[in-house]
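Below you'll find the structure, written out as structure tokens, and then a few comments.
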Amino acid sequence: MDINTLSRSAAIELLSQVMYDQHTGYLLGSAAIHTVSVNPGDTMLYIDFCAVHSCNHAYTMEGTNAKWINSFRGTDNVIKWGGDELIVMLPYADTEGAINRLVSNMQYNDVYAVIVVLTCDDSLVSTAIRADRILTDVKKGLDKVSRNAEYMCGDCTVVYEGGF
């Protein structure tokens with residue numbers, strides 16, 4: 001394929017394929033680092049879904065993805081950061097309301113996660129790195145469900161930077 005000969009619509013389609021996750025429709029982290037501006041003081045929710053392997057066995061991968069999608073509002077700024085990690089940017093003050101809504105939606109959709117809440121610096125990447133370090137420390141202290149265990153939705157764990 002010669003990118004120089006693509007029509008405008010074909011070029012847009014190609015960009016869409018490399019910028020957005022084909023299963024969830026969320027912006028991929030690799031594209032977000034070039035397109036999402038972060039304001040210091042914004043809130044990041046760094047979300048790591050739990051028991052994804054067994055959830056996929058219970059609901060299929062497509063069913064699990066649908067449960068993730070249904071946990072968010074169409075207006076939420078969601079980034080697919082990793083395999084089962086998502087970032088939600090909250091540029092507004094009602095962080096507690098957003099977290100409560102998200103946790104409630106996750107429970108309703110039969111999924112759960114560890115959610116790290118932190119204040120952004122001026123970089124999406126450095127904020128996500130901080131969040132991942134916190135997440136790693138938190139997960140070391142949680143009981144892990146066996147990869148092949150039958151899926152049962154657990155409780156979400158919400159952790160605030162500096163508060164675990």
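- Nearest heavy-atom pair, S54 versus A149, reported as atom, atom and distance to 0.1 Å: CB-O, 3.0 Å.
- When the side-chain contact (heavy atoms from CB on, under 4.5 Å) test is applied to E96, the partners found at least two apart in sequence or on another chain are I99, Y160.
- Rounding to the nearest 0.5 Å gives a distance of 3.5 Å between SG of C120 and CE of M89.
- Every residue meeting the side-chain contact (heavy atoms from CB on, under 4.5 Å) condition with D132, not counting sequence neighbours, appears here in chain and number order: Y46, L135, T136.
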Quiz prompt | Worked verdict on N109 versus Y59 for side-chain contact (heavy atoms from CB on, under 4.5 Å) | solution = CA-CA 11 Å; N109 287 292; Y59 297 111; over 6 Å; no
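- Residues forming a side chain to side chain donor-acceptor pair (under 3.5 Å) with Y112 (at least two apart in sequence, or on another chain): none.
- Scored by the side chain to side chain donor-acceptor pair (under 3.5 Å) test, D84 finds no partners at all (sequence neighbours excluded).
- At least one side-chain heavy atom of W81 sits under 4.5 Å from a side-chain heavy atom of I33.
- No continuous path of ILVMFWY side-chain contacts below 4.5 Å connects L86 to Y108, so the two sit in separate hydrophobic clusters.
- In this structure, the separation between CZ on R73 and CG on L102 is 10.0 Å, given to the nearest 0.5 Å.
- In the hydrophobic clustering of this structure, V125 groups with M19; members are Ile, Leu, Val, Met, Phe, Trp, Tyr whose side-chain heavy atoms approach within less than 4.5 Å, directly or through other members.
- Remark: D48 engages K139 in a salt bridge (charged side-chain N to carboxylate O under 4.0 Å, His left out) (not counting sequence neighbours).
- Rounded to the nearest 0.5 Å, atoms CG (L142) and CG (D137) are 11.0 Å apart.
- In terms of heavy atoms, I69 sits closest to Y26 at CA-OH, 3.2 Å.
- In this structure, K144 NZ and S146 OG are separated by 10.0 Å, a value rounded to the nearest 0.5 Å.
- Put simply, the residue from V78, N77, T43 that forms a side chain to side chain contact (heavy atoms under 4.5 Å, CB included) with V88 is V78.
- With sequence neighbours left out, A58 forms a side-chain contact (heavy atoms from CB on, under 4.5 Å) with Y151.
- Residue pairs meeting the salt bridge (Lys or Arg N to Asp or Glu O under 4.0 Å) criterion with at least one partner in residues 106-115, sequence neighbours excluded, do not occur; the list is empty.
- Side chain to side chain, T64 and N56 meet the donor-acceptor criterion of an N or O pair below 3.5 Å.
- Applying the side chain to side chain donor-acceptor pair (under 3.5 Å) criterion to S71, with sequence neighbours excluded, gives no partner residue.
- Grouping the Ile, Leu, Val, Met, Phe, Trp and Tyr side chains by contacts below 4.5 angstrom, directly or via other members, places I129 with V138.
- Considering only heavy atoms from C-beta on, F72 comes within 4.5 Å of I47 through its side chain.
- Every residue two or more places apart in sequence or in another chain that forms a side-chain contact (heavy atoms from CB on, under 4.5 Å) with A32 is listed here: L27, V36, I79, L124.
- For residues 114-131, every residue pair satisfying the side chain to side chain donor-acceptor pair (under 3.5 Å) rule, not counting sequence neighbours, is listed here: D121-S126, D121-T127, D121-R130, S123-S126, R130-E161.
- Contact between A131 and V116 at its shortest, heavy atoms only, is O-CG2, 4.0 Å.
- Within a 6.0 Å sphere centred on CG of D155, heavy atoms belonging to other residues, nucleotides or ligands number 12 at most.
- Of the inter-residue distances, the one linking E62 atom CD with N65 atom CG reads 8.0 Å to the nearest 0.5 angstrom.
- Side chains of V145 and C50 form no contact here, defined as non-hydrogen atoms less than 4.5 Å apart.
- Residues meeting the ring-ring contact (aromatic ring centres under 6.0 Å, His included) test with H23, sequence neighbours left out: none.
- Not counting sequence neighbours, the partners of K80 by the salt bridge (charged side-chain N to carboxylate O under 4.0 Å, His left out) test are D21.
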